[in-house]
J.: 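Structure incoming, see below.
Remember, it's 1-based here, ligands and their atoms both numbered in the order they're listed.
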Amino acid sequence: MQYYNHKTQVYLNGKFVYAADTGVDLFSQTLHYGYGVFEGLRAYNTHNGVRIFKAEEHFDRLQQSCRALSIDYKWNNRRLIEDTYHLLELNHLRNAYIRPLVYCGPNMKLSHPGEPHLMIAAWEWSAVLGERLLRLCTSNYQRHNPNSIHTEAKVTGHYVTSILASNDAKQRGYDEALLLDHQQYIAQTSGANFFLERNGKLFTPATGNIFPGITRQTVIGICRQLGIELVEKQLTLNDVRNGTSAFLCGTATEIVGVGSIDHITFETDWEDSIGATIKRFYRNLVLEKENYEVII
Ligand code: PMP
């Protein structure tokens, strides 16, 4: 993946500048200690023009993540959304992934965060076609204990665990890692939330020990709209064994079916699963297709 070239512009502290010319402070607290926050958004080329899906929710979460780490948030989110649309135009992007990052200035001490900076970058993100079901493995890496971090904040340093777990899963021949929480309940994968189907109902891990994704919340809303019963509760590996299908969701992932977890293969054909219905609904939602039909 090429994230930028010599023509790519990024938003940096209120200005649009070439990505190659930014220069980064080598004494940044974020670079050394992972003390920074970020977001991941998607823009879609809809029939109403380029639209950033749930932009307000993502920038609000960026602000909340800063608050959790006591990083000053001196930006106006409405203005940031306008600037992000401008950034997409400058880079001629219609289907894109957008990455705002708040990073801290120089401070080598383990003390109050250094002066914050905000950069926003975006790059081309095309629809993945003909996607296959994922093969997951349960990971030996655990999701963080909520007494050590703020689980609801999207903090750069938290992703060390995600990278370790994901790399480990790939080395073992799987697509992704499914992490348990510190109480041995199912939590989520390294970068997406988990849903399980059983007896015509959906189950998803309750909040507390997971990162509560915006897509997870969207899926919960879709269930309400479609009259699908959804239960948020602590899930065990035994629940997974009794499940009939499963899927992951996230802004980048969207909705993707899970074929197996370790040696457990799900019996329901993906196309007949609730997940497949939700995937179609979600696609129509992000593309702002109003008169769509979903057959359950
Ligand atoms: N969990 C983690 C660890 C993530 O990084 C993400 C992606 N931001 C998600 C879940 C899904 O969150 P969202 O739906 O808000 O993208």
J.: Supply the members, apart from Tyr18, of the Ile/Leu/Val/Met/Phe/Trp/Tyr cluster built from side-chain contacts under 4.5 Å; use none for a lone residue.
T.: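 Direct or chained contacts put Tyr18 with none.
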J.: Any cation-pi pair here, Arg51 with Tyr44, using under 6.0 Å and within 45°?
T.: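 The answer is no; the distance or angle limit is not met.
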J.: May I ask you to establish whether Arg99 and Tyr97 are in a cation-pi arrangement, using a distance under 6.0 Å from NZ or CZ to the six-membered ring centre and at most 45° from the ring axis?
T.: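 Not satisfied by the 6.0 Å and 45° rule.
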J.: For Ile98, does its backbone N or O pair with a side-chain atom of Arg42 as donor and acceptor, under 3.5 Å?
T.: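 Not confirmed, Arg42 side chain does not pair with Ile98 backbone.
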J.: Do Arg280 and Glu271 meet the salt-bridge criterion of a basic N to acidic O distance under 4.0 Å?
T.: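 Looking at Glu271 and Arg280, the cut-off is met.
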J.: Tabulation required: pairs of a nitrogen or oxygen in ligand 1 and a protein nitrogen or oxygen under 3.5 Å; columns are atom names and distance to 0.1 Å; otherwise 'none'.
T.:
unit_1	atom_1	unit_2	atom_2	d
ligand 1	1 (N)	Gln188	NE2	2.8
ligand 1	5 (O)	Lys154	NZ	3.1
ligand 1	5 (O)	Tyr159	OH	2.5
ligand 1	8 (N)	Lys154	NZ	2.6
ligand 1	14 (O)	Ile214	N	3.2
ligand 1	14 (O)	Thr215	N	2.8
ligand 1	14 (O)	Thr215	OG1	2.5
ligand 1	15 (O)	Arg61	NH1	2.8
ligand 1	15 (O)	Arg61	NH2	2.9
ligand 1	15 (O)	Ile214	N	2.8
ligand 1	16 (O)	Thr251	N	3.0
ligand 1	16 (O)	Thr251	OG1	2.6

J.: Mind checking the OG1-CE spacing from Thr22 to Met119? Nearest 0.5 Å is all I need.
T.: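 With rounding to 0.5 Å, OG1 (Thr22) is 8.5 Å from CE (Met119).
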